[in-house]
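The block underneath contains the structure these notes are about, expressed in structure tokens.
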Amino acid sequence: HSVAVLGAPFSKGQKKRGVEHGPKVIRDAGLMERLSNFDFSVHDFGDLNFQHLEEDEPYMDVKFPRTVGAANKKLSAAVRNAVSAGHTLLMLGGDHSLAVGSVSGHAQHSPDLCLIWVDAHADINTPMTSPSGNLHGQPVAFMLKELQDKMPDIPGFSWTKPFLSSRDLVYIGLRDVDPGEYQFLKSFGIQYFTMRDIDRLGIQRVMEVTFDHLLARKQRPIHLSFDIDAFDPSLAPATGTPVNGGLTYREGIYIAEEIHNTGTDHYSYGFHFLWSFLDFLKVFDCLAFESNLSSSWCAGLLSVMDMVEVNPDLGASPEAVEATATLAVDVIASSLGQTREGAHTSMDEIP
Ligand code: ARG
Ligand code: MN
Ligand code: MN
Ligand code: MN
């Protein structure tokens, strides 16, 4: 197993400067050193280079459509290649419009993927429903087959076609949903958990229902798209669209841990489902790894993870920026298998 890291220093999906420095601050917060503590090998693919187009008039109210479209086309190919080469990919944003490229590239290699979207926002506006014209509030609308006839032909995006069913998506952490977005969530019957749902059910039950919804019938690759503004602004202040009342540190880490635990003995999906024989072998492989006290790393079902919207220009102090970036690294580490209970090491490493 190996993990690939890919930076996407891009900000034209919204209007605030600084989010293009996300990859750098997340790396500066010690990402590579943290990843080196694991058993998997790490490949740093560096940062993509995005062109800034001179001629890019708004389409309807949508800002920088060709620039955002071209950046995502490039990202999509890079993600497809990394996943095809067998890596688990970590994409560092950048603003959340990058999910169009990240998820579509992932889907080209794994058409059966499911998407877990952790965010204060649903990011499912179309150009017609968007209150801001910002494409970072619209990436999911480019993905969903159910929205095909509601999406106009936006310049810069002719390379991508909808590829995801609304039943293959779960939202966690919502608390700022626009009227048009609410309409879509309801009419497509999308599974979502607002912060109020987390208050009522607890994060453990939320994750259980999430996996029952996405994985009960079939084990399949997970795309985790994690917007740092899902966290409470007291924990993640350096971000462009903070909303009060967000995830606690422990809720965010629990989400990440449970995603890592998919496909391992930590999580069983209940016994009431018939696994296909191949799926069973795949899980059994993972189980054997973990149970014989070898320290072999098991990837679980996480296949691609986005960490987006960390904006160092928006922290009130260097400390606020560092706290936000360190939090991003903590979520990444937990998604890749860091545990709060410690881990097995071979006896000869213990002095
Ligand atoms: N719903 C608002 C909009 O459409 C805010 C979106 C914020 N998105 C984000 N990725 N932070 O503009
Ligand atoms: Mn958000
Ligand atoms: Mn978002
Ligand atoms: Mn594990």
Side-chain angles (χ1 to χ4, degrees), residues 8 10-20 22 58-65 68 71-72 75 91-103 115-144 147 150-151 154 164 169-185 190 192-195 198 223-247 251-252 255 304-315 324 327-328 331:
F10 185 77
S11 65
K12 288 303 179 79
Q14 45 85 66
K15 298 178 198 89
K16 294 174 183 168
R17 305 315 319 263
V19 72
E20 69 276 15
Y59 172 82
M60 298 171 63
D61 201 27
V62 175
K63 312 298 188 302
F64 314 115
V68 176
N72 275 289
L75 175 61
M91 190 281 280
L92 307 174
D95 73 64
H96 219 164
S97 68
L98 292 165
V100 177
S102 182
V103 185
L115 176 58
I116 302 179
W117 196 277
V118 183
D119 202 325
H121 310 94
D123 294 346
I124 194 174
N125 276 301
T126 67
M128 286 78 92
T129 67
S130 170
S132 64
N134 295 334
L135 278 163
H136 78 155
Q138 309 177 41
V140 177
F142 289 85
M143 304 175 199
L144 288 192
L147 272 171
K150 291 207 165 57
M151 283 296 275
I154 301 159
L164 193 76
L169 161 67
V170 174
Y171 287 106
I172 301 172
L174 300 185
R175 58 194 182 278
D176 183 8
V177 177
D178 299 320
E181 295 186 300
Y182 184 74
Q183 190 87 7
F184 295 148
L185 296 184
I190 294 173
Y192 64 87
F193 298 98
T194 64
M195 286 310 303
I198 296 174
H223 189 115
L224 170 61
S225 206
F226 202 111
D227 185 328
I228 201 70
D229 73 28
F231 278 107
D232 193 79
S234 59
L235 298 166
T239 192
T241 49
V243 189
N244 277 335
L247 295 175
E251 286 165 343
I255 292 168
V304 176
M305 171 176 189
D306 313 318
M307 176 52 72
V308 298
E309 298 285 350
V310 174
N311 185 336
D313 287 9
L314 296 177
T324 308
L327 179 60
V331 171

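Note that ligands are numbered from 1 as they come in the structure, with each ligand's atoms numbered from 1 the same way. Counting begins at 1 with the first residue of the sequence.
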Return yes if some donor-acceptor pair links the side-chain N/O of Lys15 with the main-chain N/O of Ser132 below 3.5 Å, else return no. yes

Pair Phe231 and Phe226, ring centroids less than 6.0 Å apart: yes

Nearest to atom 11 (N) of ligand 1, what protein heavy atom do you find, and at what distance? Thr241 OG1, 2.9 Å

Between His121 and the Mn ion (ligand 3), is there a contact where an N/O/S atom of the residue lies under 2.8 Å from the metal? no

Name the closest protein heavy atom to atom 5 (C) of ligand 1, giving the residue it belongs to and the distance to 0.1 Å. His121 CD2, 3.9 Å

Is Asp119 close enough to the Mn ion (ligand 3) to have an N, O or S atom under 2.8 Å? yes

Is the closest side-chain donor-acceptor distance between Asp229 and Thr239 under 3.5 Å? no

Under 3.5 Å, is there a donor-acceptor pair between the His121 and Asp123 side chains? no

Atom name of the N, O or S atom of Asp227 nearest to the Mn ion (ligand 2) is OD2

Are the side chains of Ile190 and Leu144 in touch, meaning some heavy atoms are under 4.5 Å apart? yes

So is Glu309 polar-close to ligand 1, meaning N/O to N/O under 3.5 Å? yes

For atom 2 (C) of ligand 1, which protein heavy atom lies nearest, and how many Å away is it? Asp178 OD2, 3.6 Å

Relative to the heavy atoms of Asp227, which atoms of ligand 1 are at a distance of less than 4.0 Å? 9 (C), 10 (N), 11 (N)

Considering only N, O or S atoms, which atom of His96 is nearest to the Mn ion (ligand 3)? ND1

I'd like to check His136 versus Val19 (side-chain heavy atoms, cut-off strictly below 4.5 Å). Are they in contact? no

How far is atom 3 (C) of ligand 1 from its nearest protein heavy atom, and which residue and atom is that? Ser132 OG, 3.5 Å

Ligand 1 atoms nearer than 4.0 angstrom to some heavy atom of Gly137 are 4 (O), 6 (C)

Output yes if Asp123 passes the N/O/S-under-2.8 Å test against the Mn ion (ligand 2); output no otherwise. no

Among protein heavy atoms, which sits nearest to atom 4 (O) of ligand 1, and what does the distance come to when rounded to 0.1 Å? Asn125 ND2, 3.0 Å

Going by distance only, is there an N or O of Asn134 that falls short of 3.5 Å from an N or O of ligand 1? no

Go through the steps for Ile124 and Val177 under the test side chain to side chain contact (heavy atoms under 4.5 Å, CB included), then give the verdict. CA-CA 9 Å; Ile124 194 174; Val177 177; over 6 Å; no

Heavy-atom check, side chain of Glu251 versus side chain of Met195, under 4.5 Å: yes

For the side chain of Asp95 and the backbone of Val308, is there at least one donor-acceptor N/O pair under 3.5 Å apart? no

Validation row: Val100, Leu135 side chains within 4.5 angstrom (heavy atoms): no

Would you mind listing which atoms of ligand 1 come within a distance below 4.0 Å of any non-hydrogen atom of Pro131? 4 (O)

For atom 8 (N) of ligand 1, find the nearest protein heavy atom and state the residue, atom name and distance (0.1 Å precision). Asp123 OD1, 2.9 Å

With backbone taken as N, CA, C and O and side chain as the heavy atoms from C-beta onward, which portion of Asp229 lies under 4.0 Å from ligand 1: side chain, backbone, both, or neither? side chain

Side chain of Gln138, backbone of Asn134: donor and acceptor closer than 3.5 Å? yes

